[in-house]
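What follows is a short report on a single structure.
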Amino acid sequence: MNKLEAYGHIAALAIRGDLVFPTSVNAALRVQLALDDPECPIDEAIRLVLAEPQLAARTVALANSAMFNRTGGPEVTNVRAAIMRIGYHNLFALAAAMVVRQFGSKIADPALRAKAEQLWQHTVYVACLARIIARDVTYTNPDTALFAAIVHEVGNFYLLSRADEFPGLLEDDPENWQPASEEIITREVLNKLNIPEPVSTAIQGMRDSFLQIPPESLLDTLLLANHLSPVASPLQAAPRELPPHSESVIDLFIDEEMMEELLAQAGKDAEAMNAALLV
């Protein structure tokens with residue numbers, strides 16, 4: 001099966017709703033969906049997290065990381081204190097990160113595993129950058145930006161999780177038909193994961209949209225974070241080039257000093273997130 005046939009087959013299955021998720025993804029997804037309810041009582045959230053030992057351990061680790069404990073406060077040693085520190089929104093994002101990470105956990109082929117690892121590092125950097133950009137540049141909700149960035153490559157993670165079955169997915173794409181199939185697959189995976197519509201729309205808009213000036217939306221936040229990420233997606237089709245003047249335009253709202261601080265902080269946050277979410 002060549003690449004065209006492989007993508008076409010997976011896209012056709014996705015349209016029918018025939019998406020194959022690993023068992024570990026389904027378990028994390030159940031927790032994520034339950035936590036999506038803002039009225040979920042704290043005791044129920046604790047019970048859900050404790051039911052998934054990996055999530056419990058990572059929740060405490062993330063709460064103690066520099067990302068959420070910048071003031072050097074006392075370490076938290078239990079799930080209740082961890083949830084209180086990071087909040088429901090970030091716990092929800094953490095569960096989503098587990099879902100995304102688990103897609104690559106069962107890949108057998110070394111080349112595919114390497115791609116999955118690079119895709120994860122790209123995701124982490126975009127997530128950390130998006131959170132800071134939302135807070136300091138676009139003034140959108142940083143928690144939403146973090147969550148959106150964590151799941152923005154979920155379609156490609158899904159493709160990698162199926163690539164052992166379809167070796168043709170690794171072939172070159174000289175005719176550049178791949179993006180259309182990826183768009184279908186990404187849309188259906190986002191639907192399957194019940195990603196909120198504003199987040200899903202922003203993610204799907206990344207393929208063909210330009211950064212607006214000044215940047216002020218969730219889509220702008222994701223585009224800017226993706227543009228600034230030091231790690232590229234290994235499966236990303238050649239991105240649309242920003243207009244020739246875009247770099248100088250970016251200087252209008254992110255000066256050199258702010259850019260250095262932004263990238264340095266994102267690097268520290270990425271290191272902290274990687275440590276907390278280590279699989």
| Other residues, nucleotides, ligands: >12 heavy atoms within 6.0 Å of Met258 CE | yes
| said: Hydrophobic clustering (ILVMFWY, side-chain heavy atoms < 4.5 Å, transitive) - are Leu224 and Leu263 grouped together? | reply: yes
| task | Report yes or no: does Arg135 contribute a side-chain atom to a donor-acceptor pair with the main-chain N or O of Pro142 at less than 3.5 Å? | result | no
| message | How long is the straight-line distance from CG of Leu223 back to CZ of Arg207, given to the nearest 0.5 Å? | response | 12.5 Å
| message | Testing the 3.5 Å rule here: is there a donor-acceptor pair between the side chains of Asn69 and Glu75? | response | no
| Is there side-chain contact between Leu219 and Met206, with at least one heavy-atom pair below 4.5 Å? | yes
| message | Tell me whether Asn64 contacts the main-chain N or O of Val60 through its side chain, where contact means a donor paired with an acceptor under 3.5 Å. | response | yes
| request: Using the test side-chain hydrogen bond (donor to acceptor under 3.5 Å, both in side chains), find all partners of Thr144 that sit at least two apart in sequence or belong to another chain. | output: none
| request: Let me see the working for Asn141 and His89 under side chain to side chain donor-acceptor pair (under 3.5 Å), right down to the final yes or no. | output: CA-CA 11 Å; Asn141 188 304; His89 284 292; 5.4 Å; no
| Backbone N/O of Ser217 and side chain of Tyr139: donor-acceptor pair under 3.5 Å | no
| request: Scan Arg131, Glu271, Gln265, Lys268 and name whichever one has a side-chain contact (heavy atoms from CB on, under 4.5 Å) with Met67. | output: Arg131
| task | Spell out, yes or no, whether Val137 and Val126 are grouped together once hydrophobic residues are joined by side-chain heavy atoms under 4.5 Å, including indirect joins. | result | no
| query | So which heavy atom on Ile185 is nearest to which on Leu159, and how close? | reply | CD1-CD2, 3.4 Å
| request: Examine the side chains of Asp220 and Gln212 and answer whether a donor and an acceptor come within less than 3.5 Å of each other. | output: yes
